[in-house]
Number of protein chains: 2
Amino acid sequence: MTAEAKAVTTPASPPLTERQEARRRRILHASAQLAGRGGFDAVQMREVAEAAGVALGTLYRYFPSKVHLLVATMQDQLQHMHATLRKRPPAAEDPAARVAETLMRAFRALQREPHLADAMVRALTFADRSVSPEVDTVSRLTTAIILDAMGLDAPPTAEQLSAVRVIEHTWHSALITWLSGRASIAQVKIDIETVCRLIELTAPPEKA
Amino acid sequence: MTAEAKAVTTPASPPLTERQEARRRRILHASAQLAGRGGFDAVQMREVAEAAGVALGTLYRYFPSKVHLLVATMQDQLQHMHATLRKRPPAAEDPAARVAETLMRAFRALQREPHLADAMVRALTFADRSVSPEVDTVSRLTTAIILDAMGLDAPPTAEQLSAVRVIEHTWHSALITWLSGRASIAQVKIDIETVCRLIELTAPPEKA
DNA sequence: GGATAATGTAGAACAAGTTTCAGAGTTGAT
DNA sequence: ATCAACTCTGAAACTTGTTCTACATTATCC
């Protein structure tokens, strides 16, 4: 509904043939499958290749490292989630509550597949410079989801973008602490709600 | 000066002999050394063992994995930093500014050894459940640094602890985005300052 | 001081990510 | 239809974290 409805997908540098697109899809599917049970460690490149019916060398041609593969998997999952969230936008009154609601909804979705979440998030934070473009895409996707939830009328101000970035930081980091068992879901909820108060801080009341 | 001045060091389960303490120290030193140039990848267990003059098996007895080793290295470095920061506490007026100043000071310290920072932070976020206790120690240490910077008169409220946790989240995540070249130092500064405004939000003005 | 258990050493062995290579299969342009 | 260029396959090799084994050294306890 808001502005950001495009340009968040990958640029798709060289157009892939149909069979190549199918291979890519099989690989991503195998990756998510293996990650789903077993997490990061269970995604073994040889197994992914076999499950996708593809040679190891081919897998590496499509995704130059395990981290690349998992970050791409995350892109894929995030796109699904973005689409799903759009269908039933958050109901709350003010933007802060809407963002918190959206993030907690996303969080609960991840809870259903904790191993998959583990694999994707670990890959994301472990990524080095060579994966920057892909990680950046994930970041933009996340930003789009949050901005969507805010439901702004006008393009976001610099201040609001800062707040969104901080919310994203908190989201990622809270996810990690939860995945490594160092924080409960309740704790994560509190942290999300706390950081979302930054939104109120950046948006002077527009209507009484 | 504030409350938290103890119990942030490791519990030291079995008391180590002098030679063992020396070995441990040599290992941590070698780890930091190798991390200092080359980052995470440059810390190779065989090289650490050799540089520390210790057998590979011994290294693994002291630190059961590379991640354990690097997290311990981070503990070590953080303790130094905490001590240093205590010597020259931040000068600013309000707590929010003091925390922001402290974190940016820490940030600049890390900037001087970006490879070391890379190794430590990557290890920290990559750590799985088996490293939780050690990661938790790092987290408590960070919390102590922030609370110190706030310079509270009374023990922190639950609300303030939430704010501190969110600040910590932002700190870690911002560090990662900087280390992977996806954010500038200026950007990090803005994010830190933005999140620190949460402190003002949780501390009703005590004096006009 | 000597028995004994714990700790350390050297080095091989194993596991999984990554690289490499020779040959077979596809594709696209002429 | 054919040739050249690119892609895929299968398998081996290489790298680095981790484990294991057989033996030496050290610490502890009587």
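A, B, ... follow the sequence lines: proteins, then strands. Residue 1 opens every chain.
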Seminar exercise, completed: Reading nucleotides 5-17 of chain D from 5' to 3' and marking B where a protein heavy atom lies under 4.0 Å of the base, S where only the sugar-phosphate is that close, and - otherwise, the string is --SSBB--B--BB
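With hydrogens and angles disregarded, a donor-acceptor distance shorter than 3.5 Å links the side chain of B:Thr102 to the backbone of B:Arg98.
Contact check on B:Glu50 versus B:Arg46 returns no salt bridge, with no Lys/Arg side-chain nitrogen under 4.0 Å from an Asp/Glu carboxylate oxygen. Taking the charged nitrogens against the carboxylate oxygens, B:Asp94 and B:Arg197 have no contact shorter than 4.0 Å, which rules out a salt bridge. Of the charged side-chain nitrogens involved, at least one lies within less than 4.0 Å of a carboxylate oxygen, so that B:Glu193 and B:Lys189 count as a salt-bridged pair.
For the pair A:Lys66 and A:Phe126, the cation-pi criterion (under 6.0 Å, within 45° of the ring axis) is not fulfilled.
One interatomic measurement links the two molecules: CG of A:Leu70 to C1' of C:dG17, which rounds to 12 Å at whole-angstrom precision. To the nearest angstrom, P of C:dG11 lies 11 Å from CD of B:Glu50.
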